[in-house]
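Written out below as C-alpha cells is the structure these notes cover.
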Amino acid sequence: MYVVTPPQRSDLGSNYGFRVYQTWKGSNIFCLQGRFIFGPDARSLGLTISLIVVPVIVFCIFVASKLMDDFSDTWGVSIVSVAVVFTIYDLILLMLTSGRDPGIIPRNSHPPEPEVVDGNSGTSQTPRLPRVKEVEVNGNIFKVKYCDTCMLYRPPRCSHCSICNNCVERFDHHCPWVGQCIAQRNYRFFFMFVFSTTLLCVYVLAFCCVYIRKIKESEDITIWKAMLKTPASMALIIYTFICMWFVGGLTGFHLYLISTNQTTYENFRYSYDRRSNPHNKGVVDNFKEIFCYAIPTSKNDFRAMVPREAPVPLRSAVGGFMSPNMGRGNDEIEMGRKGVWAMAEHGDDKNGSNNERFHVNDDELGDIRTTTDDYEQSGRPNIHPRHSSWEMSPEVMALASRRT
C-alpha cells in the first residue's frame, strides 16, 4: 500500500504537487505508486489466496507425491505440475480481477450549473438541478441519475459503489473475496477466475478419490479403511466438495447472466423476465461482448500529476446549487434507493422542463471517453474539468454531441 510522501523541494513552486492516486477521493487502496488499485477491503485477498494455495500444497505433499510412485515418471510428475501451474494461473486471474481499475468514472471537481425551471409569468425562477435525465439508445429510453458524490449524471448501466465510493461503468457487484468492484474492465477476468477455481476443485477432488482407490486395491481393504489411512485426502475431498458447490454455482449463475447480457445488480434490482431486456443481443453476441471485444482503456491515469487548484468559492443557497438530497443519508443517495429516486421520477418527470432526451446508437457507447487527458495536455488547472453550464457527465455529453 502507499503512504503519501511530501513533495520535493523542487516541486514546491511548480504547478504540480501530487499524483492522482495520492489525492484520490474514493476509498480505494493503491499499491506500487498507483500501478495497482484495490478496494478498501483488499485485506480479504490474503484469505482468498490462502484458501486456494494451502489446499494445493497439502494435495501436492500428501496425495500427488504418493501417486508419483503408482504411475510412470511422466504421469506422476504431470499430476503435480498441472496442480502447480493451474494454481499459478488461478492466482494471476485473481490479481487481474482485483488489482485493476474496474471502470471508474472520474468524478467532477465542481457540481454542474443548475438550470432555470420555467415558472408562471410574474413568479421568480429558481435554479435547480434535475435528478433524472433521459437518454434514448437504439430506441430504448434509459434514465440517467445524478450522483451527488461524483457530481455527474451516471451513464446507463453505471452505478455508485458505496464501498469504494466511486461511480463504476457496467457495475456488476462488489466482491469481498477479491476486494474490488466487478464491472466493465474486470468482469471477464472475474468469470475466468471463478471458472478456473471450479476446475481446480474438481481436479483435486478427482485425484484424491483416485489415491483412495489405489490404497484400497493395493492393500485389499474396504473403502472406509482406505479413507482412514489418508486423512489428508478425506479433508481435501470434503473441502473441495463444499467449495465446488459455491464456485460452481457462481459459475453457472454468471453463465446465465452472460447469456442474457445482465449484471448481478440488474438481475436483483430489475425483473427482465416480465419485460424485454434492452441490452440482450442474443446468446452468441452476448458471449462475444464479454470474451472477444477489447477491454476499454481506463479513464483514469492514477500516476498523472495533479495541477494545483485555486480555492473554489462556495455558492450561496439562493440561485446556486440546490440538491434535493442534501442532508439525506449517504447510502440512500449513492445506491439510488426507491425512496430517494421516487421523488425525482415522479416529481421532476412531471415537469417537462426538467427532462432532456438524447438519441444515441448503442455502438457509440463504447467510444465514449472523458476529456481528462485533453485538459491535462492543455495545462488547464483541473483534472476533471467542469462541464458546460448544463449538467451532464462527460459520457452523456459525448452522446449528445454526436447526435447534434
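Count residues from 1 along the sequence. What you see is a predicted model, and the numbers here were worked out from it, not measured in a lab.
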> Do the ring centers of F30 and F36 come within less than 6.0 Å of each other?
Replying inline: no
> Between S298 and D101, does any side-chain donor sit less than 3.5 Å from a side-chain acceptor?
Replying inline: yes
> Of all residues at least two apart in sequence or in a different chain, which pass the side-chain contact (heavy atoms from CB on, under 4.5 Å) check with Y239?
Replying inline: L51, P55, C243
> Are side-chain N/O atoms of T264 and D172 paired as donor and acceptor at under 3.5 Å?
Replying inline: yes
> Checking side chain to side chain donor-acceptor pair (under 3.5 Å) against N261, which of E266, E289, H279, K281 comes through?
Replying inline: E289
> Under the 3.5 angstrom rule, does the side chain of D90 hit a backbone N or O of S196 as a donor-acceptor pair?
Replying inline: no
> Sub-3.5 Å donor-acceptor pair from the side chain of T48 to the main-chain atoms of S44, do we have one?
Replying inline: yes
> In terms of the angle between their ring planes, are F253 and Y256 parallel, tilted or perpendicular, with boundaries placed at 30° and 60°?
Replying inline: tilted
>> Taking T97's backbone N and O only, do any of them form a donor-acceptor pair with N186's side chain (distance below 3.5 Å, no angle check)?
In response: yes
> Is the backbone N or O of G46 less than 3.5 Å from a side-chain atom of S50, with the two atoms forming a donor-acceptor pair by type?
Replying inline: yes
> Residues in side-chain contact (heavy atoms from CB on, under 4.5 Å) with M234, at least two apart?
Replying inline: I212, M227
> Quick one: salt bridge (charged side-chain N to carboxylate O under 4.0 Å, His left out) pairs with a partner in residues 247-265, sequence neighbours left out?
Replying inline: none
> Is it the case that more than 12 heavy atoms not belonging to F195 sit under 6.0 Å from its CZ atom?
Replying inline: no
>> Parallel, tilted or perpendicular, judged at 30° and 60°: which one describes the rings of H173 and H254?
In response: tilted
>> For L257, is there any backbone N or O sitting under 3.5 Å from a side-chain donor or acceptor partner on N267?
In response: no
> Among R157, R185, K299, which one satisfies side chain to side chain donor-acceptor pair (under 3.5 Å) with E169?
Replying inline: K299
>> According to side-chain contact (heavy atoms from CB on, under 4.5 Å), who are the partners of I163, at least two apart in sequence or on a separate chain?
In response: P40, C161, H174
>> If I take atom CG from residue D41 and atom CZ from residue R43, how far apart are they, to the nearest 0.5 angstrom?
In response: 11.0 Å
> Can you pull the salt bridge (charged side-chain N to carboxylate O under 4.0 Å, His left out) pairs that have at least one residue in residues 227-240, sequence neighbours excluded?
Replying inline: E219-K229
> Does CZ in F191 sit with more than 12 non-hydrogen atoms of other residues, nucleotides or ligands closer than 6.0 Å?
Replying inline: yes
> Looking just at side-chain N and O atoms, do N280 and T260 make a donor-acceptor pair shorter than 3.5 Å?
Replying inline: no
> Which class fits the ring pair F287 and F291: parallel under 30°, tilted 30 to 60°, perpendicular over 60°?
Replying inline: parallel
>> Whether R19 and D301 form a salt bridge (side-chain N of Lys/Arg under 4.0 Å from carboxylate O of Asp/Glu) is what I want to check.
In response: no
>> According to side-chain contact (heavy atoms from CB on, under 4.5 Å), who are the partners of R35, at least two apart in sequence or on a separate chain?
In response: L32, Q33, R303
